[in-house]
**Q** 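Got a structure here, written out as structure tokens. Questions coming.
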Amino acid sequence: MKAFEDAEKNGATDPISATLAGRLRSIRLMGKLGFAHVEDASGRIQFFLRVNELGEEKMTFFKEYFDLGDFIQGTGTLTRSRTGEISLILTDFAMLAKAISPLPAAKDEVVDGVVVRHATLADPETRYRQRYADLAVNPEVRQIFRTRTALITALRKFLDSHDFMEVETPILQPIYGGAAARPFITHHNQLKQDLYLRISFELYLKRLLVGGFDRVYEIGRDFRNEGVSYKHNPEFTQLEFYWAYADYLKVMELTEQMIAFACDQVLGTRKVTYNGQEIDFNPPWKRVDLRQGLINAIGIDIQAYPDAASLEKVMLEKGMKFKPGEARGKLIDHLLGEYLEPTFIQPTFLYDYPRDISPLAKTKPGDPTMVERFEGFVGGMELCNAFTELNDPQDQENRFLEMGRQFKADDEENMPLDEDYIHAMAYGMPPCGGFGIGVDRLAMLFTDNHSIREVILFPPLRESE
RNA sequence: GGGCGCGUAGCUCAAUGGUAGAGCAGUGGCCUUUUAAGCCAUUGGUUGAGGGUUCGAGCCCCUCCGCGCUCACCA
């Protein structure tokens with residue numbers, strides 16, 4: 001097409017011939033001539049069928065056998081139709097693939113240059129169950145996944161260019177860890193051993209720091225056997241990196257740069273519209289101290305309530321609803337989830353977390369109850385989580401044991417003691433900053449989708465029938 | 001798991017308890033510059049499944065299945 005336009009500009013008159021292929025998206029036949037739009041991943045073009053060039057026989061064949069959705073190859077020369085659209089005048093064509101089953105066809109109307117689609121496939125169940133049909137008829141859905149892929153490419157490019165090495169660690173793990181979540185359990189027949197699908201990459205990536213890789217990252221799937229929601233999917237894509245000789249403050253800065261870089265690469269702008277609000281990813285992000293943030297939001301200074309009982313008491317006095325009997329850290333987690341998270345529309349780092357909900361993070365100097373940890377929030381949604389990693393094997397072992405005591409023996413969210421991880425750390429692990437981000441959620445923000453299923457190609461659904 | 005809502009033709013949607021419809025797609029016909037092509041004709045339904053109430057149920061009631069929203073859950 002470009003060659004044709006160039007030739008037109010230069011006043012060239014030699015016909016440009018071409019062979020093009022794609023899927024038939026519209027057919028308009030009128031006796032001895034007709035038009036059809038043919039679409040492939042690169043766009044669409046109009047085929048012009050005329051009995052003058054094709055002859056009666058081929059014209060009849062087309063009429064008889066071609067339907068919407070079929071894949072066609074056409075050979076001919078490029079021209080402009082009377083209405084100015086570049087079209088391929090066919091001298092021959094071939095059926096490449098037949099659509100036995102009709103696509104849930106949508107019709108496009110171009111009004112003032114804007115494509116208006118009529119009666120498009122819209123039922124979410126059908127769209128997810130038959131994503132292939134959704135993609136085939138809804139170009140904007142294809143665009144979501146192009147953006148998603150471009151996003152992952154950009155994140156990779158950023159980390160590669162900062163000398164991070166991409167690695168792959170086990171998905172099937174004998175002991176799960178690195179997060180507090182219920183795992184999926186599977187079984188290896190020959191080993192006669194139950195295995196868990198990983199809930200995070202963390203413990204394996206940090207083993208690599210012990211091994212001498214100073215900057216590692218992994219992009220892959222985590223599995224958590226928990227409820228689904230607009231921002232939770234049982235399997236989701238996570239990016240984690242670990243950075244030796246860095247702390248959480250340096251990780252914050254790198255995070256800002258990485259997201260801004262992805263914006264530039266993928267969107268060409270650092271301002272996105274999400275849920276009707278403009279979100280500005282330009283660094284620096286807003287930074288909120290967790291303790292101060294809670295004081296401002298609800299007037300509770302967690303420092304003044306050093307144990308669960310006293311904190312529960314003041315929360316009750318404020319008329320807050322919560323599950324009683326939780327550990328102090330869980331109560332604080334509840335507070336920030338309830339009163340802070342939804343208010344963080346613009347990119348915000350919430351930092352300095354209570355120690356007892358952060359068993360892998362390094363304690364803050366001068367305050368043994370707090371750790372050097374931050375979470376990033378955007379659009380009222382938790383996006384990433386990071387901390388200065390705990391690298392003292394004895395402290396780490398104590399934390400695991402502490403965590404174990406907080407849970408009942410049958411609680412699957414219990415973080416089991418990973419002795420090999422402790423052993424690795426005992427060889428010496430460099431101080432480092434670690435980081436994890438929910439790639440699906442970032443894709444939601446980049447594509448202005450408010451359901452994680454819209455950015456996952458094949459979201460899980462119950463079996464039908 | 002709880003609450004609310006939805007499920008009608010391939011797709012998008014109508015139908016006070018009284019013979020299930022439209023547009024597009026499909027099929028047949030006309031048409032040599034269309035682009036939601038047009039015109040004429042026409043096919044298409046176990047109204048998610050099962051039960052109940054009623055002379056009569058797409059509509060009312062119950063059970064089940066699926067989906068959505070929401071709450072709970074969730075580093």
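Only heavy atoms go into these numbers, but all of them, side chains included; no hydrogens, no water, no symmetry mates. In what follows, chains carry the letters A, B, and so on, assigned in the order in which the sequence lines appear, proteins first and then strands, with residues in each chain numbered from 1. Quick caveat, the model's predicted, so the values are computed rather than measured.
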**Q** Looking at the side chain of A/Phe387, which of B/A25, B/C31, B/A75 is the nearest nucleotide?
**A**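 Among B/A25, B/C31, B/A75, the one nearest the side chain of A/Phe387 is B/A75.
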**Q** Among the nucleotides B/A75, B/U33, B/U32, which one has an atom lying closest to any side-chain atom of A/Glu382?
**A**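 Of the options given, the side chain of A/Glu382 lies nearest B/A75.
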**Q** Starting at the 5' end of RNA chain B and moving along, which residue's nearest nucleotide shows up first, A/Ile357 or A/Glu338?
**A**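 Nearest-nucleotide comparison on RNA chain B picks A/Glu338.
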**Q** In whole Å, measure the gap between the C1' atoms of B/G17 and B/U47 for me.
**A**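 Per the computed distance, 15 Å lies between those C1' atoms.
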**Q** Select one nucleotide: of B/G68, B/A25, B/U32, the one nearest the side-chain heavy atoms of A/Val51.
**A**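 It is B/U32.
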**Q** Any salt bridge linking A/Asp134 with A/Arg131? Criterion: basic side-chain nitrogen under 4.0 Å from a carboxylate oxygen.
**A**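 Yes.
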**Q** Can you tell which of B/C74, B/U32, B/G66 lies closest to the side chain of A/Glu226?
**A**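 Of B/C74, B/U32, B/G66, B/C74 is nearest to the side chain of A/Glu226.
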**Q** So what does A/Leu29 touch, heavy atoms closer than 4.0 Å: a base, only the sugar-phosphate, or nothing?
**A**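 Counting heavy atoms under 4.0 Å across all strands, the contact made by A/Leu29 includes a base.
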**Q** Find the partner of B/U12: check Watson-Crick (N1-N3 plus N6-O4 or O6-N4) and G-U wobble (N1-O2, O6-N3) distances, both under 3.5 Å, and reply none if neither fits.
**A**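 By the stated definition (distances under 3.5 Å), B/A22 pairs with B/U12.
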**Q** Rounding to a whole Å, what distance do you find between A/Glu235:CD and B/C74:C1'?
**A**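 Answer to the nearest Å: 17 Å.
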**Q** Please measure how far the C1' atom in B/G50 lies from the corresponding atom in B/C65, and state the result in whole Å.
**A**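 Roughly 10 Å separates the two C1' atoms.
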**Q** Which value, in whole Å, describes the distance between the P atoms of nucleotides B/U63 and B/G1?
**A**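 Straight-line distance between the two P atoms is 16 Å.
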**Q** Taking the P atom in each of B/G52 and B/G58, what is the distance between them to the nearest angstrom?
**A**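 Between the two P atoms, the distance is 15 Å.
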**Q** State the pairing partner of B/G58; accept Watson-Crick or G-U wobble contacts with both distances under 3.5 Å, and report none otherwise.
**A**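 Pair assignment: B/G58 / none.
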**Q** Whole angstrom is fine here: how far is it from CD in A/Glu125 over to P in B/G48?
**A**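 That distance rounds to 13 Å.
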**Q** Describe the nucleic acid contact of A/Tyr353 in one word from base, sugar-phosphate, nothing, applying a heavy-atom distance below 4.0 Å.
**A**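 Since no nucleic acid heavy atom lies under 4.0 Å of A/Tyr353, the category is nothing.
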**Q** Side chains of A/Phe322 and A/Glu338: does their closest heavy-atom pair fall under 4.5 Å?
**A**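 Side-chain contact under 4.5 Å: no.
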**Q** So if I take every side-chain heavy atom of A/Arg373 and compare against B/C67, B/U34, B/A75, which nucleotide ends up nearest?
**A**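 The nucleotide sitting nearest to the side chain is B/A75.
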**Q** Could you tell me whether A/Arg355 and A/Asp367 have a side-chain N and a carboxylate O separated by less than 4.0 Å?
**A**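 Between A/Asp367 and A/Arg355 there is no salt bridge, as every charged N stays at least 4.0 Å from the carboxylate O atoms.
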**Q** Where the side chain of A/Phe35 is defined as all heavy atoms beyond and including C-beta, which of B/C67, B/U33, B/A75 is the nearest nucleotide?
**A**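 Taking heavy atoms from C-beta onward, the closest nucleotide is B/U33.
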**Q** Of the listed nucleotides (B/G68, B/U34, B/U12), which one gets closest to any side-chain atom of A/Leu121?
**A**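 The closest nucleotide is B/U12.
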**Q** Strictly by Watson-Crick or wobble contacts shorter than 3.5 Å, is anything paired with B/U27, and which nucleotide is it?
**A**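 Across any shown strand, B/U27 pairs with B/A41.
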**Q** Return the value, rounded to whole Å, for the distance between atom CG of A/Leu90 and atom P of B/U33.
**A**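 One finds 17 Å between P of B/U33 and CG of A/Leu90, rounded.
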**Q** Would you check, one step at a time, whether the test side-chain contact (heavy atoms from CB on, under 4.5 Å) holds for A/Phe66 with A/Phe93?
**A** CA-CA 11 Å; A/Phe66 276 90; A/Phe93 56 78; 3.6 Å; yes
**Q** Provide, to the nearest angstrom, the distance between the CG atom belonging to A/Leu68 and the C1' atom belonging to B/A37.
**A**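 Going from CG in A/Leu68 over to C1' in B/A37 covers 14 Å.
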**Q** For the P atoms, the ones on B/C39 and on B/C6, what distance do you get once it is rounded to whole angstrom?
**A**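 Comparing P positions in B/C39 and B/C6 gives a spacing of 36 Å.
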**Q** When you measure from the side-chain N and O atoms of A/Arg127 to the phosphate of B/C67, is any distance below 4.0 Å, counting only OP1 and OP2?
**A**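 The answer is no; no side-chain N or O of A/Arg127 sits under 4.0 Å from OP1 or OP2.
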**Q** Flag this pair as yes if the NZ/CZ of A/Arg207 is under 6.0 angstrom from the six-membered ring centre of A/Tyr204 and inside a 45 degree cone about the axis; otherwise no.
**A**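 That pair qualifies as a cation-pi contact.
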**Q** Over how many whole Å does the gap from A/Met30 atom CE to B/A36 atom P extend?
**A**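 Value for this atom pair: 12 Å.
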**Q** Checking all strands, does A/Gln46 fall into the base, sugar-phosphate, or nothing category for heavy-atom contacts under 4.0 angstrom?
**A**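 Since a base atom lies under 4.0 Å of A/Gln46, the category is base.
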**Q** Please compare A/Ser229 and A/Glu85 by the position of their nearest nucleotide in RNA chain B and report the one closer to 5'.
**A**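 Nearest nucleotide further toward 5': that of A/Glu85.
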**Q** Could you check whether the side chain of A/Asp123 and the base of B/U12 have a donor-acceptor pair of N or O atoms closer than 3.5 Å, going by distance alone?
**A**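 A donor-acceptor contact between them is absent.
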**Q** Choose from B/U12, B/A75, B/A37 the nucleotide whose nearest atom is closest to any side-chain atom of A/Arg28.
**A**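 It is B/A37.
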**Q** Go ahead and name the base partner of B/U46; Watson-Crick or wobble counts if both distances stay under 3.5 Å, otherwise write none.
**A**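 Here B/U46 is not engaged in any pair, so there is no nucleotide opposite it.
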**Q** Please give, in whole Å, the distance from B/G10 P to A/Gln130 CD?
**A**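 Rounded to whole Å, this separation is 12 Å.
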**Q** Does A/Glu85 offer a backbone N or O that forms a donor-acceptor pair with the side chain of A/Gln46 under 3.5 Å?
**A**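 Checking the backbone N and O of A/Glu85 against the side chain of A/Gln46, no donor-acceptor pair under 3.5 Å is found.
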**Q** Measure CZ/A/Arg441 against P/B/A75 and give the value in whole Å, please.
**A**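 In whole Å, B/A75 P lies 11 Å from A/Arg441 CZ.
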**Q** Taking any strand in view, what nucleotide pairs with B/G68 in a Watson-Crick or G-U wobble way, both distances under 3.5 Å?
**A**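 Base-paired to B/C4.
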**Q** For the pair A/Glu341 and A/Lys231, find out whether any cationic side-chain nitrogen is under 4.0 Å from an anionic carboxylate oxygen.
**A**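 Looking at A/Glu341 and A/Lys231, the cut-off is met.
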**Q** Would you say A/Arg23's side chain and A/Gly69's backbone share a donor-acceptor pair under 3.5 angstrom?
**A**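 Yes, the answer is positive, given that a donor and an acceptor are paired below the 3.5 Å cut-off.
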**Q** Closest approach to the side chain of A/Arg50, judged atom by atom: which nucleotide of B/G68, B/U33, B/C11 is it?
**A**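 Looking only at heavy atoms from C-beta outward on A/Arg50, the closest nucleotide is B/U33.
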**Q** Distance check needed: B/U32 P versus A/Lys63 NZ, whole Å only.
**A**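 Result: 9 Å.
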**Q** From the set B/G66, B/U32, B/U33, return the single nucleotide nearest to any side-chain atom of A/Arg129.
**A**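 Ranking B/G66, B/U32, B/U33 by closest atom to the A/Arg129 side chain puts B/G66 first.
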